[in-house]
**Student:** 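Dumping the structure here so I can ask a few things about it.
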Amino acid sequence: MTAVPYSRITGTGGYLPPRRISNDDFVALLGARGIETSDSWIVERTGIRARHFVDDGVNSSDLALQAARRALEAAGRPAEDVDLIIVATSTPDMVFPSTATILQAKLGVHGCPAFDVQAVCAGFVYALTVADAMIRAGSARCALVVGAEVFSRLLDFDDRTTCVLFGDGAGAVVLEASEEPGIVATELHADGRHSGILCVPGTVAGGQVLGQPLLRMDGQAVFKLAVGVLDQAARAVLAKAGRSEADIDWLIPHQANIRIMNGTARKLKLAPERLVVTVDEHGNTSAASVPLALDVAVRSGRVQRGDTVLLEGVGGGFTWGAVLLDF
Ligand code: UT7
């Protein structure tokens, strides 16, 4: 295979497990534990109205498979054409093997490289950047890039400050070698000094779970960092591409909190209708949130071929990044 100038998204797909949990369902669920919450608090502070949870026995690879099949169908590609699989997830089916290899087997293909990327809520932006680099280097021509999560498995239902925020789901894109853009620029960052503000500080050792296997977050610290780094990443990726804020047709940031998303759009002087919002119905699906939102925007006819789209991720690690693309 030879190097090509660009990689380009040729199909998108998304999947949410059917079980929808509304804020009122959460009021009842937490109420039974003697913990107060309300639809109005959750909506005002986060923009979330509902999220979807998997049933027992359903794993990230199951959600990834549905999203991947839809993306392949949209791209008009059989699974046999895929020569690279990258799954962004922090909720893998197992410690190992990777969810990507499990997905490969479920797709009924074998032989191509398949691996996971772990960058929490920035995972999809990281995975897309890796796939873009491999395609441009000539290492692959047709990549399946997936974000898939079952964050419901990590939630502490005695902690109202975190358990209402997250949901399960998967989003996928088919990314192919192209003579035309495509992905125009990417920007990735991490700062491990902040690893403690959003983490699941448990591990598996000696046949036991050691430490705390539930999600912990200092919400205000994450909020402040996210607002700053999302703006920096947007400006850096635009500068790399030689473009300006005025060139952005659609902003698709990580879907964690509507206040962070609106703030990011305002700083980029984008009209509110240019911001793609799914956090209201999906909650925060971590690495799945950006490809799920992209798929919703494409299937609803908002994102059209040729539109310039800014994808942004931010999350635990601390990790963040941006991808600028002409769809
Ligand atoms: O995915 C990676 C990226 N993650 C994020 O971007 C998350 C960033 N952080 C946030 O989105 C926000 O910080 C939160 C939504 C997590 C919290 O919003 P906040 O405006 O920072 O609220 P807070 O933590 O300052 O809490 C305000 C009050 C507290 O009560 P007191 O101490 O003022 O009496 C909380 O106990 O709200 C209370 N509270 C709740 N009340 C009802 C916290 N959670 C709830 C709840 N229901 N679920």
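If you're wondering where the values come from, they're calculated on a predicted model, not measured in any experiment.
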**Student:** Check whether any side-chain heavy atom of D249 sits under 4.5 Å from a side-chain heavy atom of R274, and report yes or no.
**Tutor:** yes
**Student:** To the nearest 0.5 Å, tell me how far L294 CG sits from I252 CD1.
**Tutor:** 4.5 Å
**Student:** Which heavy atom of I197 sits nearest to which heavy atom of V222, and what is that distance?
**Tutor:** O-CG2, 3.7 Å
**Student:** Is a donor on one side and an acceptor on the other found under 3.5 Å between the side chain of N257 and the backbone of R45?
**Tutor:** yes
**Student:** For the pair T319 (side chain) and G316 (backbone), establish whether a donor and an acceptor sit closer than 3.5 Å, ignoring hydrogens and angles.
**Tutor:** yes
**Student:** Please walk me through it: do V146 and L103 pass side chain to side chain contact (heavy atoms under 4.5 Å, CB included)?
**Tutor:** CA-CA 10 Å; V146 186; L103 172 64; 4.0 Å; yes
**Student:** Which one of V227, V229, V125 satisfies the side chain to side chain contact (heavy atoms under 4.5 Å, CB included) criterion with V314?
**Tutor:** V229
**Student:** Find out whether L144 and Q104 are in side-chain contact, i.e. whether some heavy atom of one side chain is under 4.5 Å from a heavy atom of the other.
**Tutor:** no
**Student:** Counting C-beta onward and ignoring hydrogens, is there a side-chain heavy-atom pair between H282 and Q255 closer than 4.5 Å?
**Tutor:** no
**Student:** Quick test of your reading of the model: are R20 and E281 salt-bridged, counting only N-O distances below 4.0 Å?
**Tutor:** yes
**Student:** Using the rule that two of Ile, Leu, Val, Met, Phe, Trp, Tyr join whenever any of their side-chain heavy atoms come within less than 4.5 Å, decide whether V117 and L325 are in one cluster.
**Tutor:** yes
**Student:** Should R153 and T91 count as side-chain neighbours, where that means a heavy-atom distance under 4.5 Å?
**Tutor:** no
**Student:** Less than 4.5 Å apart, side chain to side chain, heavy atoms only: is that true for V120 and F151?
**Tutor:** yes
**Student:** Does D62 come within less than 4.0 Å of K106, counting only side-chain N to carboxylate O?
**Tutor:** yes
**Student:** Walk me through whether N284 and C121 qualify under side chain to side chain contact (heavy atoms under 4.5 Å, CB included).
**Tutor:** CA-CA 9 Å; N284 179 348; C121 303; 4.1 Å; yes
**Student:** What is the distance from atom CH2 of W41 to atom CD1 of I48, rounded to the nearest 0.5 Å?
**Tutor:** 9.0 Å
**Student:** Please check if atom CD in E36 has more than 12 non-hydrogen atoms from other residues, nucleotides or ligands closer than 6.0 Å.
**Tutor:** no
**Student:** On the 0 to 90° scale, with breaks at 30° and 60°, tag the F53-F157 ring pair as parallel, tilted or perpendicular.
**Tutor:** perpendicular
**Student:** Would you say E73 has more than 12 foreign heavy atoms packed within less than 6.0 Å of its CD?
**Tutor:** no
**Student:** Are side-chain N/O atoms of D168 and S152 paired as donor and acceptor at under 3.5 Å?
**Tutor:** yes
**Student:** Where the side chain of D83 meets the backbone of C112, is there a donor-acceptor pair that is under 3.5 Å apart?
**Tutor:** no
**Student:** Please check this pair: side chain of S22 against backbone of D25, looking for a donor-acceptor N/O pair closer than 3.5 Å.
**Tutor:** yes
**Student:** Name the orientation class of the two ring planes belonging to H194 and F318 (parallel below 30°, tilted from 30 to 60°, perpendicular beyond 60°).
**Tutor:** perpendicular
**Student:** With clusters defined by side-chain heavy atoms of hydrophobic residues (ILVMFWY) lying less than 4.5 Å apart, directly or transitively, does M217 cluster with I258?
**Tutor:** yes
**Student:** Does CZ in R193 sit with more than 12 non-hydrogen atoms of other residues, nucleotides or ligands closer than 6.0 Å?
**Tutor:** no
**Student:** Just so I know, are the side chains of I102 and M94 near enough to count as touching, which here means a heavy-atom distance under 4.5 Å?
**Tutor:** yes
**Student:** Can any side-chain N or O of Q212 pair as donor or acceptor with the backbone N or O of L214 at less than 3.5 Å?
**Tutor:** yes
**Student:** Backbone N or O of L292 within a donor-acceptor pair of the Y15 side chain at under 3.5 Å?
**Tutor:** no
**Student:** Could you check whether R243 pairs with D326 (Lys NZ or Arg NE/NH1/NH2 to Asp/Glu carboxylate O, under 4.0 Å)?
**Tutor:** yes
**Student:** What distance separates E176 CD from C142 SG, expressed to the nearest 0.5 Å?
**Tutor:** 4.0 Å
**Student:** Is there a chain of hydrophobic side chains (I, L, V, M, F, W, Y, each step under 4.5 Å between heavy atoms) that links V237 to L275?
**Tutor:** yes
**Student:** Does the side chain to side chain contact (heavy atoms under 4.5 Å, CB included) test come out yes or no for D158 and I35, once each step is laid out?
**Tutor:** CA-CA 7 Å; D158 286 321; I35 300 169; 3.8 Å; yes
**Student:** Mind checking whether L165 and V54 sit in one hydrophobic cluster, side chains of I, L, V, M, F, W, Y counted as touching below 4.5 Å?
**Tutor:** no
**Student:** Which pair of non-hydrogen atoms, one from P253 and one from M261, has the smallest distance, and what is that distance?
**Tutor:** CG-CG, 3.8 Å
**Student:** Quick check: closest heavy atoms across V164 and R51, and the distance to 0.1 Å?
**Tutor:** O-NH2, 2.8 Å
**Student:** Kindly indicate, with the supporting measurements, whether the criterion side chain to side chain contact (heavy atoms under 4.5 Å, CB included) is fulfilled by L175 and L128.
**Tutor:** CA-CA 8 Å; L175 190 72; L128 198 57; 4.1 Å; yes
**Student:** Hey, could you give me the CD1/CG distance between I248 and L310, rounded to the nearest 0.5 Å?
**Tutor:** 5.0 Å
**Student:** Please report the shortest heavy-atom distance between R299 and A74, naming the atom on each side.
**Tutor:** NH2-CB, 4.0 Å
**Student:** For the residue pair V58 and P17, establish whether any side-chain heavy-atom pair is separated by less than 4.5 Å.
**Tutor:** no
**Student:** Under a 3.5 Å distance rule, please check whether H189 uses its side chain to pair with a backbone N or O of W320 as donor and acceptor.
**Tutor:** no
**Student:** Is the shortest side-chain heavy-atom distance between K267 and E245 below 4.5 Å?
**Tutor:** no
**Student:** Return yes when atom CZ of R49 has more than 12 non-hydrogen atoms of other residues, nucleotides or ligands closer than 6.0 Å, and no otherwise.
**Tutor:** no
**Student:** Which heavy atom of F124 sits nearest to which heavy atom of A287, and what is that distance?
**Tutor:** CB-O, 3.3 Å
**Student:** Is a side-chain donor or acceptor of K240 paired with a backbone partner of T186 at a separation under 3.5 angstrom?
**Tutor:** yes
**Student:** About how many Å separate CG of L198 and CG of L215, when rounded to the nearest 0.5 Å?
**Tutor:** 5.5 Å
**Student:** Would you say T285 and E149 are linked by a side-chain donor-acceptor pair, where the criterion is simply a distance under 3.5 Å?
**Tutor:** no
**Student:** If you round to the nearest 0.5 Å, how far is CG of D218 from OG1 of T161?
**Tutor:** 9.0 Å
**Student:** Check whether more than 12 heavy atoms from other residues, nucleotides or ligands sit under 6.0 Å from atom CZ of R141, and answer yes or no.
**Tutor:** no
**Student:** Indicate if V323 and I135 have the same hydrophobic cluster label, given that clusters are the connected sets of ILVMFWY residues with side-chain heavy-atom separations under 4.5 angstrom.
**Tutor:** yes
**Student:** Let me know which of V174, V173, L72 forms a side chain to side chain contact (heavy atoms under 4.5 Å, CB included) with T10.
**Tutor:** V174
**Student:** For I260 versus L230, what's the shortest heavy-atom pair and its separation?
**Tutor:** CG2-CD1, 3.7 Å
**Student:** Under 3.5 Å, is there a donor-acceptor pair linking the side chains of D93 and S61?
**Tutor:** yes
**Student:** For F327, does the six-membered ring have the charged nitrogen or CZ of R305 within the cation-pi criterion, i.e. under 6.0 angstrom from the centroid and within 45° of the normal?
**Tutor:** yes
**Student:** Look only at the side chain of D231 and the backbone of G228, and say whether a donor-acceptor pair between them is shorter than 3.5 Å.
**Tutor:** no
**Student:** Check whether the side chains of T129 and D132 place a donor and an acceptor atom closer than 3.5 Å, and report yes or no.
**Tutor:** no
